[in-house]
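Quick notes on the structure that follows.
All figures in this text were calculated on a predicted structure; none of them were measured in a lab. Note on naming: letters A, B, ... go to the chains in the order of the sequence lines (proteins, then strands), and numbering restarts at 1 for each one.
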Amino acid sequence: MRIAKLKPGDALFQAVIYLLFGVFTLSCIYPFYYLFINTISSNDLSAAGDIRFYPRGIHLDNYTKVLKISGLSHAALVSVYRTVVGTFLTVGASAFLGYLFTKREMWGRQIWYRSIVVTMYFSAGLIPWYITMHNLHLTNNYLAYILPSIITPFNIILVKTYVEAIPSSLEESASMDGAGYLRIFRSIIVPLTTPILATITIFSAVNQWNSFIDTAFLMTDTKYYTLQFLLWRYLNESSSLAALIRSSPDMAASVQNMQTPTSVRMTVTMIVVLPILIVYPFFQRFFVKGIMIGAVKG
Amino acid sequence: MGVPTEEGLHGVQLSVPPRRRLQNKHRLFLMALPFLVVTFIFYYLPVSGWIYAFYDFIPGIPLSDTPFVGLKWFRTMVSNPTQTAEVLRVLRNTVAMSTLGLATSVFPVIFAILLTEIKSGWYRKFVQTMTTIPNFISWILVYALAFSLFSVDSGVVSGILVSLGLVDEGFNLLASGSHIWLTMIAWYWWKSLGWGAILYLAAIAGIDQELYEAAEVDGASRFRKIWHITVPGIIPTFFVLLLLSIGNFVNNGMEQYFAFQNAMNKDTIEVLDLYVYNIAFANNFPFATAVSMLKSAVSVLLLFGANTLSRLVRDESII
């Protein structure tokens, strides 16, 4: 019906953009799908490059075996720890500080606020940062994952902008009833800012989960390794990975599902990417709002 | 009269005793203080580390036991031919990557404009949702995906090329140093295009629909409507982002290049941020610090330049 009404040129235009977007969208999803079907397919078919469109010889050996690799489940715990604790701290701090910075009567407000915002555009550099962390005894220390991220300027800007849009009469009437800043924050600001707090929770959680540079620099002891960093090592050190597979007793299994460096890499990648893919549909609606508020402030 | 006006509320505020207000301004500061201390420790204290650029510092030996060498590490960049060649190579990579990035910064604009032209609502939503996913995975994960897709013996890409007869045997795109700039910008947009378009999609949604209706009545074609209504509607957003990326010209970030670098492509992939990491990893702390300092100086200058430009053109600052 609709198509019939279109002029030939318009129909062609529509067809071309449908196709272009189709191809690009496919290129965005297919890598994840490809990895998934290869990790659950028979390993010798996968190694021969025969798994392209659908899984064959479905089994879960890869996942059960990979989870037994020494260090992997511990690395998963470290990743979960930094994601949960780090996110909690940065959201709490950003909410509180974002609220405080809306109070015009604060002593030196402009200076403090600007000194935080300016850090988004300026950094001392890798080595000065590393030496500072080292002097603070934050190398080989779990605190290094959560303390620096407490202050995330972008989050503070988002909360401040959001709080400024709340009618001040609400706060003022609470203040006249004798409520202090902390009480107003707890019972008025937090409930009213949930949408933006949800947004920054998601941004921070994804950031924490994805971080690996800090591990690469600050952690030499394997017990501080995160999943991301372990994956990076597996990608780059195939000889040590092969040795790891040989040394693990359960790895051999059946012939067609023998673990190879490739199968281990793909399975670990899938394990690291899965949490993001699972939470993605839930947080998708929040971040559009977040990026819009951020854009206003630029 | 019963409705509180601006003046009314203001009047109430003024009636708070002066002493109480004085306390409040300090109380607020004290509540913020712990966070300001954290900011100072992790963002400002590291600046003191710049001092290492002026010593022959070797990790493990206290700074007090290392000789002060003044500007030696800055001078080697121009006086030592090998070093100069290396710095020039890294600068060339940095300029190439940033220029490619600036030249293609219009991609998300095109993406957003074309996407709004799609008639079917669910398809539009589907495309937008799916193309945003790659933005949320780390560069290590992007590399891991690339690693599987492009692997020589079992990867799907090489398999398809062989079966189409385009290549004789499996090839490894990731281990090749040629075309690395193009490959990097391609991966960059694969990861960021959908996400980058969100802002523009929102800007387009904010354009007054009556403008389009009026143009329709006047018999404007689709392309005229895009050119005269949509494009002017999103240019301010584009301009701000463009200026910010000029400010970040020397900061390519390192995660992408760190993930994709290997011995074969090191010469062409090493941008400034990665270079600093690599020389630091080779334990040349003073030189890495010196490069960082120059980089910070240049990026501050660029940011101020971009800001001035913004003030001149739009009468508004970006920071």
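In the displayed structure, F238(B) atom CZ is contacted under 6.0 Å by more than 12 heavy atoms of other residues, nucleotides or ligands. Counted within 6.0 Å of CZ on F122(A), heavy atoms from surrounding residues, nucleotides or ligands total more than 12; the atom is thus considered enclosed.
Side-chain contact check for E255(B) and N210(A): no donor-acceptor pair (N or O, by modelled atom type) lies under 3.5 Å. Using modelled atom types and a 3.5 Å distance limit, the side chains of T215(A) and Q228(A) yield no donor-acceptor pair. Checked by atom type, the side-chain pair T90(A)/T152(A) shows a donor-acceptor distance below 3.5 Å.
Below 30°, between 30° and 60°, or above 60°: for W195(B) and F136(B) the angle between ring planes is above 60°, a perpendicular geometry. In this pair, F285(B) and F57(B) present their aromatic rings tilted. The plane angle is within the 30 to 60° band. Between F107(B) and W189(B), the angle of the ring planes lies from 30° to 60°, which puts this pair in the tilted group. The aromatic rings of Y44(B) and F40(B) lie parallel to each other, with less than 30° between the two planes, well short of the 60° mark.
Only the side chain of Y280(A) has a heavy atom closer than 4.5 Å to any heavy atom of chain B. In this structure, the portions of L126(A) lying under 4.5 Å from any heavy atom of chain B include both its backbone and its side chain. For S115(A), the parts sitting under 4.5 Å from any heavy atom of chain B are the backbone and the side chain alike. Contact of F212(A) with chain B is made through the side chain alone, with heavy-atom distances under 4.5 Å. For I41(B), the parts lying near chain A are the backbone and the side chain together; criterion is any non-hydrogen pair under 4.5 Å. The contact between V300(B) and chain A is made entirely by side chain atoms (from C-beta outward), counting heavy-atom distances below 4.5 Å. When heavy atoms are compared at a cutoff of 4.5 Å, L26(A) does not approach chain B at all. Contact of F35(B) with chain A is made through backbone and side chain together, with heavy-atom distances under 4.5 Å. Residue F229(A): no heavy atom, backbone or side chain, is found under 4.5 Å from chain B. For T25(A), the parts sitting under 4.5 Å from any heavy atom of chain B are the backbone and the side chain alike. Of the two parts of I51(A), neither the backbone nor the side chain holds a non-hydrogen atom closer than 4.5 Å to a non-hydrogen atom of chain B. Of the atoms belonging to V118(A), it is side-chain heavy atoms, and not backbone ones, that fall under 4.5 Å from chain B. At a 4.5 Å heavy-atom cutoff, the contact between Y52(B) and chain A is made by side-chain atoms alone. Only the side chain of V206(A) has a heavy atom closer than 4.5 Å to any heavy atom of chain B. Of the two parts of F287(B), neither the backbone nor the side chain holds a non-hydrogen atom closer than 4.5 Å to a non-hydrogen atom of chain A.
Note that the CD1 atom of I198(B) and the CZ atom of F111(B) stand 9.5 Å from one another [nearest 0.5 Å]. A distance of 11.5 Å separates CG in L138(A) from OH in Y130(A), rounded to the nearest 0.5 Å.
When each of F147(B), Y143(B), F258(B) is paired with W232(A), the ring pair (Phe, Tyr, Trp, His ring centres under 6.0 Å) condition holds for F258(B) and for no other.
Most heavy-atom pairs under 4.5 Å with chain A, from the set D273(B), T132(B), I51(B), N248(B): that is T132(B). With chain A as partner, the option from L145(B), V276(B), L201(B), L141(B) having the largest number of non-hydrogen pairs under 4.5 angstrom is L141(B). Heavy-atom pairs under 4.5 Å with chain A peak, among L115(B), V38(B), L45(B), at L115(B). The candidate from V117(A), T269(A), I131(A), L182(A) with the greatest count of non-hydrogen atom pairs under 4.5 Å with chain B is I131(A). Between chain A and the options T129(B), T39(B), L30(B), the largest number of non-hydrogen pairs under 4.5 Å is found for T129(B). The choice from W129(A), F96(A), W209(A) that makes the most heavy-atom pairs within less than 4.5 Å of chain B is F96(A). Put simply, of A124(A), P31(A), G125(A), S123(A), the one with the most heavy-atom pairs under 4.5 Å next to chain B is A124(A). In terms of heavy-atom pairs under 4.5 angstrom with chain B, the leader among I202(A), I116(A), N135(A), L20(A) is I116(A). Interface check for chain A: of the options T289(B), I118(B), N262(B), L241(B), the most heavy-atom pairs under 4.5 Å are formed by I118(B). Taking chain A as the reference chain and counting heavy-atom pairs below 4.5 Å, the highest number among P34(B), P46(B), S292(B) is found for P46(B).
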Checklist entry - Under the side chain to side chain contact (heavy atoms under 4.5 Å, CB included) criterion, do I151(A) and L97(A) qualify, and how do the steps go? => result CA-CA 9 Å; I151(A) 300 295; L97(A) 212 48; 3.9 Å; yes

Item to check | side chain to side chain contact (heavy atoms under 4.5 Å, CB included) assessment of F42(B) paired with M133(A) | outcome: CA-CA 8 Å; F42(B) 291 110; M133(A) 295 298 274; 3.7 Å; yes

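Within the cation-pi definition used here (under 6.0 Å to the ring centroid, within 45° of the axis), K160(A) qualifies as a partner of Y113(A).
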